[in-house]
Every structure is written in C-alpha cells, then in structure tokens.
Amino acid sequence: MRLALYNTLSRSKEPFTPLDADRVTMYVCGPTVYNRVHIGNARPAVVFDTLFRVLQSQYPNVVYARNITDIDDKIMKTAAELGEDITELSQRYAQAYFEDMEALNCLDPNIIPYATQHIPEMIDMIERLIAKGHAYTAEGNVLFAVQSMANYGELSGRSLDDMLAGARVEIASYKKYAGDFVLWKPSADNEPGWDSPWGRGRPGWHLECSAMIEKHLGDTIDIHGGGQDLIFPHHENEIAQSCCAHDGQPFAKYWLHNGFINIEGEKMSKSLGNFRMVNDLLDQYPGEVLRYVILSAHYRSEQNFGKDLLDSAWRSLDSLYGYLRGQGDGVPTLNKEGAGYAALLDDLNTPVAVSEIYRLAKEMHGASGDHKAQLRDQLLGLANLMGLLQQDPEQWFKQARGGDGDSISEAEIEALIAKRQQAKADKDYAGADQVRQDLLAMGVVLEDSREGTTWRRS
RNA sequence: GGCGCCGUAGCAAAGUGGUAAUGCAGUGGACUGCAACUCCGCCAUCGUCGGUUCGAUUCCGACCGGCGCCUCCA
C-alpha cells in the first residue's frame with residue numbers, strides 16, 4: 001500500500017514518490033503572529049501534523065518545517081497600537097501559538113524558522129533574481145516581474161490577463177506590470193527595517209518562505225502545504241521566486257491545500273466578528289475534541305464549526321475512551337495491513353480512519369485474552385497516527401467539563417459513592433438514588449458494574 | 001468577468017456504475033433494584049430535470065441552491 005496525495009498542481013490524486021526516500025521534506029505555511037490564532041489556523045496545523053505522522057510511518061527521516069511570520073504590516077500595526085516592540089509582540093504570540101498547537105496534540109516540526117532571522121538569505125535571493133532579470137527596482141521597492149516567468153499562474157490555473165481583469169485593488173504606479181509583486185519595500189524611519197542594497201526596508205510576504213525553504217530544505221522539496229486561500233497569490237509567488245532563483249528547477253513536487261472552516265455557516269471574518277480563537281475554545285473543550293472535529297472531515301472539504309459539532313465530537317470521544325477504560329495501558333502498534341492505515345494513505349482519508357477506530361473498539365470489546373490486547377494496541381496505534389486518544393481514559397472522564405472551576409472534588413465524589421454503596425447494601429434504594437441524583441446535579445454520572453462503581457463528569 | 005468547489009438521513013461525514021460506511025442524536029428491546037455503561041434491532045434512495053447504460057447517488061448536460069479565490073486572511 002502506497003501513499004497517494006491530491007496534488008493541487010495537477011488537480012489529481014498522485015502516488016507519492018519522494019525525491020529522496022532518506023530525506024523527505026515538507027514545508028507548511030505557519031501563522032503571522034500578531035494575535036491569538038483562530039480555529040482556521042489550527043486546521044492546517046492538525047492536517048499536516050497528521051500527514052507528518054503518516055510520512056514518518058513510511059520513511060525513516062522526514063524533515064518538517066513550519067514557519068513563523070514575525071515581520072508583517074499587521075504585526076507592525078498591532079504593535080504600534082499597543083505601544084509594544086514588534087519583537088516582544090511576535091514572541092508572545094508565537095509562544096501562544098505553540099501552546100495552542102500542543103493542546104491539539106500537534107508534534108513540533110523539526111524546523112521552525114522565523115522570517116526575521118533570515119533577512120540576509122532573503123536579500124541574497126533578491127539579488128539573484130535581479131541578476132537573472134526576474135526582478136527590478138522602483139522607488140525603493142524591489143518587484144518581481146511576473147512576465148519574466150513563462151508559466152506563472154500554473155498552480156492557481158490563472159492566466160495573467162484573467163487575474164488583471166478581475167483585479168479589485170489599485171495598482172501601484174511604479175509597477176511595470178500590474179501583476180508584479182513586492183520582494184522588498186522601504187520602511188519609514190519609525191517602522192522596523194533592515195539595511196539592504198536598496199535602502200532600509202523589509203521583505204515582502206512571499207519571499208520569506210522561498211528563502212527559508214531554500215536554506216533549510218533545499219531547492220526542491222517534496223511537499224508544500226497550506227490553506228486553500230494561499231494558492232493565490234502566496235504560493236504562486238513562492239513558486240515564481242524559487243523557480244526563477246534556481247534557473248527553473250521545480251520548487252515543490254506536491255502541493256497540498258486544506259479547505260476552510262466556517263462558523264455556523266459563515267466565513268470567519270473581522271466584519272462578522274465571528275472568529276473562534278483556539279485558546280477560547282480550549283477553555284470549553286479538550287484540545288483533542290477540536291482535533292477530532294478537524295479530522296472528522298476530509299482535509300480538502302470545507303468544514304462548518306459550531307457548538308453542536310463540538311459537543312457531538314466530545315460525546316464521540318467519550319464513547320471511544322469508554323471502550324478503552326479498564327483495558328490497561330497497551331502498546332500502540334500500527335497495523336499496516338489494516339483498513340484504517342489504508343484510508344490514511346489514500347490522501348489522508350481521516351473520516352474513514354476514524355470509523356475504523358470504532359470498528360476496532362467494538363471488535364476489541366467482544367474479544368478476549370491476547371486477541372483483545374492485540375486489538376487494543378492496534379486501535380491505539382491507528383489513533384496515534386492521527387494524534388487522537390492520547391490521554392489516559394480515567395483522566396479523560398475525570399477532567400472538568402465546560403470550564404466550570406467550582407465542580408466537586410474527586411474525594412467528595414468517592415465519599416458519596418461509598419455512602420450510596422452502603423445505602424444499596426441496606427436496600428435503601430431511595431437513598432441511593434438520591435445520592436446519584438445529587439451527583440448528577442453536580443455533573444457526575446455514576447456507572448455501576450460487577451467490579452464496582454465508576455464515575456465520570458458530564 | 002476569470003478560475004474553482006459544494007449540495008448524501010435531525011446533525012456531522014465517507015463512498016461506489018449494480019439499490020449508501022461511520023459517529024452523535026432519536027427510537028424499540030435485553031441487561032439493571034431503577035438508571036448509566038454495554039449489547040441486539042430500527043431510522044436516507046444520495047438538490048431538480050433530462051441523457052448515456054441492462055442498471056446511476058456514482059458518468060454527461062441543463063437548471064436550482066450554497067460557497068471560495070482573483071485584496072500580504074489558514
């Protein structure tokens with residue numbers, strides 16, 4: 001069974017063949033750190049984290065880089081509003097991003113490059129582009145001349161004329177051609193800037209990814225990922241920069257793009273004020289619930305986030321943890337012959353892989369002995385590949401729900417359970433039921449079994 | 001205007017040219033002192049209209065409906 005991925009470049013699913021099986025390279029566009037990240041930022045992180053895990057199951061050495069954009073006009077604007085240094089601001093939000101991603105069970109990428117730490121590399125790339133006739137200077141700016149590249153627009157499937165026909169933005173007068181984009185732009189004295197051959201300034205947005213990929217991963221990489229909205233112009237321009245700087249060598253072999261997340265049927269936007277920050281959602285839901293929601297849909301489809309979906313996902317995970325409860329720790333073991341793994345290899349079909357977890361859970365439930373333990377390990381192995389079921393089942397059910405900090409303590413719960421046991425022993429069912437009702441009112445559900453009574457928060 | 005996507009049960013979501021996985025919710029039953037958990041069962045004809053085909057939800061066309069990008073938004 002081989003990995004197949006949908007390549008935006010060819011608009012079709014292709015078998016994945018790395019350039020070098022001993023060093024598989026993947027780059028994913030990370031966040032611009034000027035605020036807490038929203039759930040839309042979490043989708044590519046979770047999706048490509050899952051791909052990272054799958055790749056690691058197939059190849060011994062996978063190098064995954066995800067950048068931090070820490071110089072950008074939005075950062076400058078926010079920093080100015082807060083009266084804060086841009087470095088402090090971006091550091092703070094980068095740290096917050098890492099915490100959010102950790103809560104979503106995302107593994108750390110191997111490389112986390114920062115834009116501001118690669119200014120010399122960017123300047124070097126610009127100089128090469130100018131030397132090769134792909135870029136020019138104008139009024140302190142350096143611009144990429146898209147007409148100098150024969151197949152510009154290949155990724156997004158747009159012709160230059162088409163793009164300009166629908167342009168809804170004013171064209172800067174200094175551009176030789178309306179579609180040209182900025183590689184370097186001048187900074188005012190009160191703006192952050194770096195010295196360069198073209199004066200003090202800062203890099204254009206697209207340039208950082210090209211420069212950092214070149215430095216850390218090489219001229220041509222295997223996989224480049226990001227959100228669908230980045231196809232144009234961001235990724236198109238990355239291709240232009242890198243291909244032209246490398247005399248036409250391919251930039252990325254496979255381009256993968258995740259779909260958008262909407263909120264209650266509407267796009268997240270500032271005007272609607274409906275951003276859902278990961279951090280806020282984590283106050284209400286375990287990170288794994290957010291991850292489960294993201295993986296319950298195929299990564300390329302549009303996904304609609306809402307309270308009902310999150311609540312439903314939580315109950316779904318309860319069900320899975322319920323099967324695992326009392327089954328021992330287990331040793332996650334990936335069954336490479338299993339249907340779940342096959343689904344993941346088939347362009348990351350996580351919904352099918354998740355359904356396979358349920359199938360394994362039920363089969364495990366009905367099995368016994370070594371076979372049961374084996375199924376448990378396979379279930380955990382498959383879940384591991386998706387970053388799910390990473391918690392201890394007992395802890396899962398005892399975690400606080402809904403962000404209520406004033407819930408009853410575990411000791412008090414245990415005491416009440418003991419009291420109820422006594423009532424049951426005395427055949428005082430009314431009393432026993434009263435205890436159960438009281439606990440339920442405090443968000444604790446009791447479950448009796450032959451071995452005794454267990455509880456969970458609901 | 002250009003490029004592209006989507007429309008499957010109450011909700012979510014896979015999938016296939018031969019009558020549709022899975023989860024949540026609902027519902028009937030078993031289990032239980034009663035519940036919860038668990039188990040057994042039930043719960044869709046795949047936007048509309050045509051075409052191709054022995055046969056289409058799956059291919060083609062039209063239409064209706066929803067949406068994205070073309071603006072340094074994941």
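Every chain is numbered from 1, with letters handed out A, B, ... down the list of sequences. Nothing here was measured: the structure is a model prediction, and the numbers come from that model.
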Quiz item: Taking CE from A/M277 and C1' from B/rA74, how many angstroms apart are they, rounded to a whole number?
Solution: 12 Å
Quiz item: Can you check whether A/R436 has a side-chain N or O nearer than 4.0 Å to OP1 or OP2 of B/rA36?
Solution: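 No, because none of the side-chain N or O atoms of A/R436 sits under 4.0 Å from OP1 or OP2 of B/rA36.
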Quiz item: Does OP1 or OP2 of B/rC24 have a side-chain N or O of A/K307 closer than 4.0 Å?
Solution: no
Which is true for [X] with a 4.0 Å heavy-atom rule: it touches a base, it touches only sugar-phosphate, or it touches nothing?
| X | answer |
| --- | --- |
| A/S449 | nothing |
| A/G40 | base |
| A/R315 | sugar-phosphate |
| A/Y323 | sugar-phosphate |
| A/H38 | base |
| A/K424 | base |

Exercise. Could you check which nucleotide pairs with B/rC63 in any of the strands shown, counting Watson-Crick or G-U wobble with both distances under 3.5 Å?
Key: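 WC or wobble partner is B/rG47.
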Quiz item: What does nucleotides 5-14 of chain B look like as a protein-contact string, B for base, S for sugar-phosphate only, - for none, at under 4.0 angstrom between heavy atoms?
Solution: -------SSS
Quiz item: Has A/Y358 got its ring stacked on the base of B/rG23, with centres under 5.5 Å and planes less than 30° apart?
Solution: no
Quiz item: When A/H235 is tested against each of A/W255, A/W205, A/F251, A/Y27 for ring pair (Phe, Tyr, Trp, His ring centres under 6.0 Å), which residue passes?
Solution: A/W255
